[in-house]
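Only heavy atoms go into these numbers, but all of them, side chains included; no hydrogens, no water, no symmetry mates. Everything quoted here is computed from the prediction, not taken from an experiment.
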Amino acid sequence: MTEPAAPFRIGNFSGFYGDRFDALHEMLAGGELDVLTGDYLAELTMLILGRDRLKDPTVGYARTFLRQLEGCLGLAHERGVRIVTNAGGLNPAGLAAAIRNLAGRLGIPTRVAHVEGDDLTAAHPGSLAAHAYLGGFGIAACLREGADIVVTGRVTDAALVTGPAAAHFGWPPGEYDRLAGAVVAGHVLECGAQATGGNYAFFRDADVRRPGFPLAEIHADGTGVITKHPGTGGVVDVGTVTAQLLYETAGARYAGPDVTARLDTVRLTQDGPDRVRIEGVRGEAPPPTLKVGRNRLGGFRNEVVFVLTGLDIEAKAALVQAQLTDALAKSPPGDVRWDLVRTDRPDADTEETASALLRLVVRDPDQEAVGRALSGAAIELALASYPGFHVLAPPGKGAPYGVFEDVYVPHGAVDHVGVLYDGRRIPVSPAQDTLVLHDVAEPPLPEALPPGPTRRAPLGLVAGARSGDKGGNANVGVWVRTEDAWRWLVHELTVDRLRDLLPESRPLPVARHVLPNLRALNFTVEGILGEGVAAQHRFDPQAKGLGEWLRSRHLDIPEALL
């Protein structure tokens with residue numbers, strides 16, 4: 001009997017710039033791997049790196065990765081583990097050169113390649129950074145030519161997995177089902193410990209004090225298993241994987257430059273302790289355009305938080321708001337936002353719990369309008385406003401803020417190239433077959449639960465949620481763990497019901513996507529984050545807590561589910 005081929009094991013050691021420093025060593029030392037991936041780039045990270053590059057054109061990459069690699073390069077070489085990372089940011093060639101210098105200094109033979117072609121800043125005047133989201137075939141080309149480390153700039157997060165899988169199994173473009181399976185595995189891995197119990201709605205069900213990092217066992221047909229190294233913390237179950245699949249996605253079609261993965265075809269099953277099997281994933285041709293993330297400076301921002309203590313909270317807020325409005329009347333900032341946060345309690349036994357917070361945020365293209373003008377007006381009220389006047393911190397001179405925008409270009413607008421360790425350049429052809437994206441029709445809904453007694457209770461007793469940002473939009477994924485709960489949720493949590501539960505969404509466009517295989521609903525709330533995370537439009541600028549707010553809201557839940 002022929003033994004089944006061993007799976008291709010791809011791990012993750014970073015989900016963002018600033019993730020656990022020791023994770024690279026932990027993953028290398030903790031068990032068998034073929035490839036390790038590190039994701040460092042988010043919308044905000046590109047802006048931060050762009051500002052770094054303004055000060056020093058030789059940087060623009062995630063310098064943390066170099067420090068991590070210094071203590072781990074020998075171990076990676078010894079164990080034969082290849083490393084693929086987007087830590088190259090705005091300067092993948094610069095990071096590749098720095099790694100070669102490091103390897104030379106350490107005396108470790110290392111073939112370092114990089115991928116370029118994503119930088120379209122010159123074609124987008126006024127941008128601090130404009131980068132196309134490339135696919136995985138540049139990575140695959142470098143690995144097929146023997147690279148030990150591949151550094152990229154802006155690629156899709158899932159490309160860090162699809163590239164190595166395509167190289168290992170020999171998948172050409174057009175193997176859409178196999179590529180889609182790798183995309184789904186890549187999306188689960190990309191945020192590191194979020195797949196192993198981190199930031200998990202049902203965190204009390206397991207020990208998640210120090211979750212391990214995830215890995216995927218991928219097979220030649222694109223199916224896979226999500227797991228983690230033995231003995232590491234956290235948990236991998238259908239719930240943790242479902243939560244991550246819903247994170248920062250929207251409808252049934254999850255588009256990328258190599259393939260559009262159909263999330264409505266994903267089937268998850270528990271395959272043993274800390275093992276979740278992913279199968280059934282179907283893929284389609286990618287859309288005819290590539291997404292370009294464009295970061296630009298939007299102006300200047302300042303804020304001051306007034307502390308209102310004890311009685312007459314709303315009257316105190318009205319007084320200081322009127323005073324500052326009058327003081328700034330001659331040259332008011334272009335955008336002014338007041339938020340009163342009622343953290344106070346009646347008859348409180350500490351001063352802090354007797355206090356509410358009044359937050360003022362101002363934005364303007366002119367730094368002076370949000371700087372000295374605001375700070376002077378606010379501080380001059382110190383002895384001339386409401387009783388108990390004080391602020392959490394004095395306002396500063398105003399800081400620049402960024403704006404993230406999506407634009408789209410044809411595949412042929414980028415020169416996608418793998419640059420090898422010996423200087424050879426391998427061009428990557430643009431997608432030949434494409435398919436315009438359309439929303440998937442809502443699938444048939446299961447029969448609703450029969451009427452029965454209900455109890456007013458938080459949604460989170462029945463449902464999990466995970467939320468996040470995409471530019472100025474937020475997504476909220478909600479899922480349940482039983483078929484009866486699904487029959488209730490899919491009929492109860494409509495767009496109108498979500499707007500009732502999350503009043504901030506009422507004036508905004510909201511879309512609902514139904515994913516029956518995952519027993520999940522995914523909502524997109526357009527514009528709730530303004531101009532994106534860097535603009536800090538709301539106090540939770542990445543919508544990380546939006547799902548937990550939804551879970552805390554009360555509604556009538558069938559007693560049979562509680």
Side-chain angles (χ1 to χ4, degrees), residues 3-15 27-28 30-39 79-86 135-144 147 150 152 155-192 194-196 212-230 236 238 240-242 244-245 254 256-263 265-272 274-283:
E3 289 291 324
F8 185 54
R9 294 170 63 87
I10 305 179
N12 170 279
F13 68 88
S14 176
M27 289 300 288
L28 285 169
E32 294 299 316
L33 287 170
D34 297 295
V35 171
L36 255 180
T37 65
D39 182 6
R79 306 204 68 168
V81 178
R82 294 173 164 187
I83 297 174
V84 178
T85 179
N86 60 18
F137 281 99
I139 296 169
C142 295
L143 292 172
R144 284 171 179 154
V150 181
T152 78
V155 295
T156 65
D157 299 334
L160 300 177
V161 170
T162 59
H168 180 78
F169 294 113
W171 298 337
E175 288 283 356
Y176 295 134
D177 290 347
R178 291 176 171 85
L179 288 167
V183 164
V184 170
H187 184 71
V188 175
L189 295 189
E190 64 163 284
C191 286
Q194 278 197 169
T196 57
F213 276 64
L215 63 93
E217 299 173 352
I218 298 179
H219 296 269
D221 62 357
T223 61
V225 172
I226 304 298
T227 183
K228 60 188 183 71
H229 282 326
V236 178
V238 169
T240 65
V241 174
T242 298
Q244 180 55 27
L245 273 181
Y254 184 51
D258 299 322
V259 63
T260 293
R262 289 290 298 263
L263 298 183
T265 64
V266 177
R267 296 197 307 270
L268 304 178
T269 53
Q270 198 72 37
D271 196 45
D274 293 319
R275 293 177 61 84
V276 172
R277 182 170 295 279
I278 299 175
E279 54 193 349
V281 187
R282 302 300 301 273

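Counting only distance, with no hydrogens or angles, the side chain of N12 and the backbone of L189 share a donor-acceptor pair below 3.5 Å. A donor-acceptor pair is defined here as one N or O able to donate and one able to accept, closer than 3.5 Å; such a pair exists between the side chain of H229 and the backbone of M27. Looking at T240, its side chain never comes within 3.5 Å of a backbone N or O of T196 through a donor-acceptor pair. Of the possible polar contacts, none joining the T152 side chain to the V155 backbone as a donor-acceptor pair under 3.5 Å is found. Within the 3.5 Å criterion, the main-chain N or O of G38 finds no donor-acceptor partner in the side chain of S14.
Note that NZ of K228 and CD1 of I226 are 13.5 Å apart. Values are rounded to the nearest 0.5 Å.
Applying the side-chain hydrogen bond (donor to acceptor under 3.5 Å, both in side chains) rule to pairs touching residues 171-183 yields E175-R178, D177-R282, sequence neighbours excluded. Here salt bridge (charged side-chain N to carboxylate O under 4.0 Å, His left out) pairs that include residues 30-39, with residues two or more places apart or in two chains, are E32-R79. For the salt bridge (charged side-chain N to carboxylate O under 4.0 Å, His left out) condition, the pairs that include at least one residue of residues 214-223, sequence neighbours left out, are R9-E217, E217-R275. Residues in residues 156-170 take part in these salt bridge (charged side-chain N to carboxylate O under 4.0 Å, His left out) pairs, two or more places apart or across chains: R154-D157. Sorted by first and then second residue, the salt bridge (charged side-chain N to carboxylate O under 4.0 Å, His left out) pairs involving residues 162-171 (not counting sequence neighbours) form an empty list.
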Please set out all donor-acceptor pairs under 3.5 angstrom arising from side-chain atoms of residues 160-170, sequence neighbours excluded.
none

**Study point:** Test log, rule side-chain contact (heavy atoms from CB on, under 4.5 Å), inputs T269 and V238
**Key:** CA-CA 7 Å; T269 53; V238 169; 5.8 Å; no
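None of T223, V266, V184 except one satisfies the side-chain contact (heavy atoms from CB on, under 4.5 Å) rule with E279; the exception is T223.
Taking the ring centroids of H219 and F8, they lie at or beyond the 6.0 Å cut-off.
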